[in-house]
Amino acid sequence: FFFQAEDGIRDHCVTGVQTCALPILRGAPAVVERNLQQMAADYPNVEALVIERLRPALPRELVDLMVVARRFGTPKIADELLFQLLARPLGEATRDVVDAMVALKGPDAKKALQEIIRGRIAAARRAATDAYLRAANETDLEFALQLASDPSLDQQLSGVQVLAAVPVDAARQRLCELLSREPSIAGAACQSLVQIAVPAVPHLQKIMAAPPMDRAMPYAAFALAQIDGGPDAMPPSAAAPALASYLRAKDPLARSLAAVALAEMSYRSIAVPVKDSEIVEALIDVAEPQRSEEHTSELQSHSDLVCRLL
């Protein structure tokens with residue numbers, strides 16, 4: 001199965017044991033099962049065979065190898081999968097390898113995923129983060145907080161994702177605190193709070209009740225305007241004057257966020273101390289930032305961020 005090139009697809013770049021792409025492990029389940037059983041009969045030490053092939057395997061072969069790994073997997077194979085994910089890019093096979101490793105690691109899967117998330121391979125970090133989110137619970141708060149405080153932007157963004165998946169108030173409170181950070185982190189935190197929806201509302205309303213200090217208030221107002229949680233989920237009328245001041249400020253991002261929130265408040269018949277024309281002008285700048293006489297790359301990026309959040 002691994003050593004006969006006629007059973008696979010020959011690659012002109014490699015020879016010998018590297019020539020098999022294992023198409024026999026794709027297709028009809030009955031055919032795959034029959035060939036797996038034959039493999040077990042022909043190679044009593046499948047573990048050693050899989051580990052040997054993992055090290056030089058190209059992405060396409062890795063996808064097929066994961067079928068074997070899941071069927072005949074052992075802790076040793078799981079450790080080798082972890083090593084491969086940490087050591088080199090695996091291309092199109094990355095998610096298959098992560099999923100196989102998680103299945104084989106069992107109770108130790110989260111610890112392995114944490115190691116990959118902190119690793120150097122970007123594609124592996126993304127796949128490991130997605131796998132981690134599917135299993136996240138209250139016990140993952142500490143790891144999420146660590147990631148969110150890491151100096152690396154990629155780690156911080158992963159931390160925001162994990163915080164959003166941890167169903168405790170402390171995680172939501174930390175996401176609200178991140179609204180004061182630079183736009184890429186604050187925008188990700190805002191998006192996560194919108195996805196959390198109603199459980200995030202009390203924390204967002206605390207920001208709305210506090211004196212305006214930075215962009216946290218317009219971000220919070222924007223998030224509340226996007227959450228479909230009834231009247232309690234709307235920015236309060238008492239915050240309208242502060243949002244109006246953001247609308248007239250020179251900060252284009254805060255202005256855009258405030259415009260969206262004020263527009264929703266006006267639509268919901270909440271009194272706002274600005275003319276509709278001012279809100280419309282600001283909203284047009286969100287949609288068409290290039291029309292502004294003060295158009296800059298920063299204004300464009302802020303507009304793009306708000307449009308993504310919408």
| message | For a side chain to side chain donor-acceptor pair (under 3.5 Å) check, start with the C-alpha distance between Gln195 and Gln191, then their side-chain angles and the critical distance, and finish with the verdict. | response | CA-CA 6 Å; Gln195 292 170 349; Gln191 189 172 39; 5.0 Å; no
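Side-chain heavy atoms closer than 4.5 Å link hydrophobic residues (I, L, V, M, F, W, Y) into clusters, and following such links, possibly through other members, connects Leu262 to Ile270. When the side chains of ILVMFWY residues are joined at heavy-atom separations under 4.5 Å, either directly or via intervening members, Phe143 and Leu141 end up in a single hydrophobic cluster. Linking ILVMFWY side-chain heavy atoms closer than 4.5 Å, directly or via other members, places Leu65 and Val63 in two distinct hydrophobic clusters. Hydrophobic clustering (ILVMFWY, side-chain heavy atoms < 4.5 Å, transitive): Leu49 and Phe83 are in distinct clusters.
Using a 4.5 Å heavy-atom cutoff, the side chains of Arg71 and Val68 are not in contact. Side-chain contact check for Leu81 versus Lys105: every heavy-atom pair is 4.5 Å or farther apart. Asp96 places none of its side-chain heavy atoms less than 4.5 Å from the side chain of Leu62. For the pair Met66 and Asp99, the minimum side-chain heavy-atom distance is 4.5 Å or more. In this structure, Phe72 and Glu47 have side chains that are not in contact, with every pair of non-hydrogen atoms separated by 4.5 Å or more. Counting heavy atoms from C-beta outward, Met213 and Ser180 have side chains that stay 4.5 Å or more apart. Within the 4.5 Å cutoff, no side-chain heavy atoms of Tyr132 are placed close to those of Val98. Looking at Val274 and Arg248, their side chains come closer than 4.5 Å, going by heavy atoms from C-beta outward.
Distance check: Ile117 CD1 to Gln161 CD gives 9.0 Å after rounding to the nearest 0.5 Å. With values rounded to the nearest 0.5 angstrom, Leu145 atom CG is found 5.5 Å from Leu163 atom CG. From Arg215, atom CZ reaches atom CG of Leu253 across 4.5 Å, with rounding to the nearest 0.5 Å.
One finds no salt bridge joining Lys76 and Asp79 here, because no Lys/Arg side-chain nitrogen approaches an Asp/Glu carboxylate oxygen to under 4.0 Å. Contact check on Arg60 versus Glu92 returns no salt bridge, with no Lys/Arg side-chain nitrogen under 4.0 Å from an Asp/Glu carboxylate oxygen.
For Asn45, the CG atom is densely surrounded, since the number of other residues' heavy atoms within 6.0 Å is greater than 12.
Looking only at atom types and distance, the side chain of Asp150 has no donor-acceptor partner in the side chain of Gln146 under 3.5 Å away. Judged purely by distance below 3.5 Å, without hydrogens or angles, the side chains of Gln114 and Arg118 never pair a donor atom with an acceptor atom. Side-chain contact check for Gln156 and Arg181: at least one donor-acceptor pair (N or O, by modelled atom type) lies under 3.5 Å. Under the 3.5 Å distance criterion, with hydrogens and angles disregarded, a donor-acceptor pair is assigned to the side chains of Asn137 and Thr139. For the residue pair Glu80 and Gln84, a side-chain donor N or O sits within less than 3.5 Å of a side-chain acceptor on the partner.
The side chain to side chain donor-acceptor pair (under 3.5 Å) search around Glu177 returns Arg174, not counting sequence neighbours. Glu182 meets the salt bridge (Lys or Arg N to Asp or Glu O under 4.0 Å) test with no other residue; sequence neighbours excluded. Applying the side chain to side chain contact (heavy atoms under 4.5 Å, CB included) test to Leu86 and every residue at least two apart in sequence or in another chain returns Leu82, Glu115, Ile116.
The two residues Leu85 and Ala124 have their closest heavy-atom pair at O-CB, 3.7 Å.
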